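Reading through the structure tokens given below for one structure.
Along the sequence shown, residues carry numbers from 1. What you see is a predicted model, and the numbers here were worked out from it, not measured in a lab.
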Amino acid sequence: MATGTEPPATEPHHPSGGVRTGTRAAIAAPHLRTDRWWLAPAATAAGLLAFVVYSTWRAFANADYYAAPYVSPFYSPCLAENCEPMKAGPNWELFGSWWGISPAIIILIFPLGFRLTCYYYRKAYYRGFWASPPACAVAEPHARYTGETRFPLILQNIHRYFFYAAILVAGILTYDTVLTFRDENYQWGHMGLGTLVFLVNIVLIWAYTISCHSCRHIVGGKLKHFSRHPVRYRMWQWVGRLNARHMQLAWASLVSVALADFYVYLIASGAFDDPRLF
């Protein structure tokens with residue numbers, strides 16, 4: 001039965017393949033959307049690009065990342081010998097004097113790997129940078145689609161292992177946040193504006209990390225009977241509620257970690273004095 005969508009017999013076959021093949025519906029327009037569908041992927045690309053530029057600059061700067069008691073989350077833990085000494089701070093000199101570039105390059109591999117393989121961020125940069133697809137109901141320009149079955153996208157499958165590393169990094173950043181209750185002379189019982197900045201950041205970091213799809217699967221995956229595992233079921237429900245806000249938490253934590261680093265930069269460079277709350 002004819003449906004009115006079959007391509008005419010005289011329509012040439014598109015050798016490029018993809019969504020433009022002759023077996024697809026005979027719609028001449030590239031899409032039928034009339035809204036500004038391009039705004040979302042454009043804004044996503046701009047936001048991610050801004051963070052990439054900023055974090056690259058700060059990671060390679062190798063300066064102004066510590067002002068007692070604050071250490072930039074980009075440089076924690078500091079794993080090289082060329083780190084600034086931080087009293088009772090995260091100085092783990094695992095890399096000797098042979099490591100000459102910024103120590104931030106070592107540790108940023110893990111949180112960035114976690115975000116790059118994150119299910120939400122995949123959608124964000126697939127649409128924003130690769131136009132795969134650029135938006136719902138908008139055809140992608142690529143001739144073929146192989147998904148995440150080939151290099152390098154097959155590496156997305158190691159997201160769970162980056163999740164384990166992200167848990168460790170979040171634990172270290174929690175320790176750094178506790179240290180912010182000291183003053184510049186390392187005396188306890190003090191609190192500055194930076195302490196609030198770090199508290200907000202670590203809450204968002206943990207919320208984003210725990211709301212991860214891998215965490216949800218680890219907590220409640222492969223259970224055939226929730227009634228036999230009431231504790232894991234409740235944890236799964238809790239993580240599921242956070243998971244519903246995974247996109248918002250991804251962006252909020254991305255902004256907060258950049259702001260925390262920038263705050264430390266302002267103090268360490270002498271451009272700003274940390275206001276003392278008590």
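Connectivity analysis of hydrophobic side chains (ILVMFWY, heavy atoms under 4.5 Å, direct or indirect) links Y119 to nothing; its cluster partners are none. Taking Ile, Leu, Val, Met, Phe, Trp and Tyr as hydrophobic and joining them when side-chain heavy atoms fall under 4.5 Å apart, one finds W38 in a cluster with W37, L39, V138.
Judged by distance alone, the side chains of Y75 and D261 never bring a donor and an acceptor atom under 3.5 Å apart.
Atom CD of E184 sits about 9.5 Å away from atom CD of Q187, to the nearest 0.5 Å. Distance check: T209 OG1 to I202 CD1 gives 8.0 Å after rounding to the nearest 0.5 Å.
For the pair R232 and I218, the tightest heavy-atom approach, listed with the atom from each and the gap, is NH2-O, 3.3 Å. Between Y120 and A250, the shortest heavy-atom distance links the atoms CD2-CB, 3.8 Å. The two residues W99 and I101 make their nearest non-hydrogen contact at NE1-O, 3.1 Å. Taking each heavy atom of A260 and F198 in turn, the nearest pair found is O-CE1, 4.4 Å.
Identified under the disulfide bond (SG atoms under 2.5 Å apart) test for residues 32-100, with sequence neighbours left out: C78-C83.
A cation-pi arrangement is present between R115 and Y208, with the terminal nitrogen or guanidinium carbon under 6.0 Å from the aromatic centre and inside a 45° cone about the axis.
Cluster annotation: V255 and W57 are assigned to distinct hydrophobic clusters (Ile/Leu/Val/Met/Phe/Trp/Tyr, side-chain heavy-atom contacts under 4.5 Å, transitive).
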